[in-house]
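We're numbering straight along the sequence, starting at 1.
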Amino acid sequence: QVQLVESGGGLVQAGGSLRLSCAASGRTFSSYNMAWFRQAPEKEREFVAAISWSGGSTNYADSVKGRFIISRDNAKNTVYLQMNSLKPEDTAVYYCAADRRNYNRLTDGYMDYWGKGTLVTVSS
């Protein structure tokens, strides 16, 4: 069992930056590939970024490529999402999720474990 708790959301102006964190419980965190998803009001949840268990490989949605960076610290059982050059269309609830499948397959959203999310609001 893995429990995930996101933090770091808030209100930011367009062009600004935020760093989200996701703290995981359990001693098996390093065996999970991790991902961030987001869900904007009245829209379906969408993939944002994924990272392999070692942190050596990453995958990004085209909409955030070059602006967002996913990383992890297995010693701290934490995965991060650094969000730069934020746009109003990045406004959403951001969810952290864990799964044992290859990090490249996580775009489908069928994850083993989910956090409850943290709200990011980008004002224009």
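Under the 4.5 Å side-chain contact rule for hydrophobic residues, L4 and Y95 do not share a cluster. Using a 4.5 Å cut-off between side-chain heavy atoms of Ile, Leu, Val, Met, Phe, Trp and Tyr, with links allowed through other members, V2 and M111 fall into different hydrophobic clusters. Residues V93 and V120 do not share a hydrophobic cluster, clusters being chains of Ile/Leu/Val/Met/Phe/Trp/Tyr side chains in contact below 4.5 Å. I69 and L106 sit in two unconnected hydrophobic clusters of ILVMFWY residues. Membership requires side-chain heavy atoms under 4.5 Å apart, directly or through other members.
For residues 28-81, the set of pairs meeting the disulfide bond (SG atoms under 2.5 Å apart) definition, not counting sequence neighbours, is empty. Here side-chain hydrogen bond (donor to acceptor under 3.5 Å, both in side chains) pairs that include residues 111-124, with residues two or more places apart or in two chains, number zero. Legend: disulfide bond (SG atoms under 2.5 Å apart) pairs involving residues 58-124, not counting sequence neighbours, sorted by first then second residue: C22-C96. Pairs engaging residues 50-65 under the salt bridge (charged side-chain N to carboxylate O under 4.0 Å, His left out) rule: D62-K65 [sequence neighbours left out].
Counting non-hydrogen atoms of other residues, nucleotides and ligands closer than 6.0 Å to CD of Q3 gives a total of 12 or fewer.
Distance check, rounded to the nearest 0.5 Å: CG of N74 to CZ of R72 gives 4.5 Å. Note that the OG1 atom of T91 and the CG atom of L119 stand 8.0 Å from one another [nearest 0.5 Å]. With rounding to the nearest 0.5 angstrom, the CG atom of N77 is 8.0 Å from the OG atom of S25.
Residues V48 and L81 form a side-chain contact, since some pair of their non-hydrogen atoms from C-beta on lies under 4.5 Å apart. Looking at heavy atoms from C-beta onward, F47 lies in side-chain contact with N59 at the 4.5 angstrom threshold.
Looking at T78, its side chain never comes within 3.5 Å of a backbone N or O of A23 through a donor-acceptor pair.
By the side-chain contact (heavy atoms from CB on, under 4.5 Å) test, S57 pairs with S52, Y103, sequence neighbours left out. Applying the side chain to side chain donor-acceptor pair (under 3.5 Å) test to Q82 and every residue at least two apart in sequence or in another chain returns N84. Remark: T58 engages I51, Y60, I70 in a side-chain contact (heavy atoms from CB on, under 4.5 Å) (not counting sequence neighbours).
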When the side chains of residues 28-39 are checked against the rest of the protein, which donor-acceptor pairs come out under 3.5 Å, sequence neighbours left out?
{"residue": "S31", "atom": "OG", "partner": "T28", "partner atom": "O", "Å": "2.6"}
{"residue": "S31", "atom": "OG", "partner": "R100", "partner atom": "NH1", "Å": "3.0"}
{"residue": "Y32", "atom": "OH", "partner": "R100", "partner atom": "NH2", "Å": "3.4"}
{"residue": "N33", "atom": "OD1", "partner": "W53", "partner atom": "N", "Å": "2.7"}
{"residue": "N33", "atom": "ND2", "partner": "R101", "partner atom": "O", "Å": "2.5"}
{"residue": "W36", "atom": "NE1", "partner": "Y80", "partner atom": "O", "Å": "3.4"}
{"residue": "R38", "atom": "NE", "partner": "E46", "partner atom": "OE2", "Å": "2.6"}
{"residue": "R38", "atom": "NH1", "partner": "D90", "partner atom": "OD1", "Å": "2.9"}
{"residue": "R38", "atom": "NH1", "partner": "Y94", "partner atom": "OH", "Å": "3.0"}
{"residue": "R38", "atom": "NH2", "partner": "E46", "partner atom": "OE2", "Å": "3.1"}
{"residue": "Q39", "atom": "NE2", "partner": "K43", "partner atom": "O", "Å": "3.0"}

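Residue M83 forms a side chain to side chain contact (heavy atoms under 4.5 Å, CB included) with just one option from V64, V122, L20, and that option is L20.
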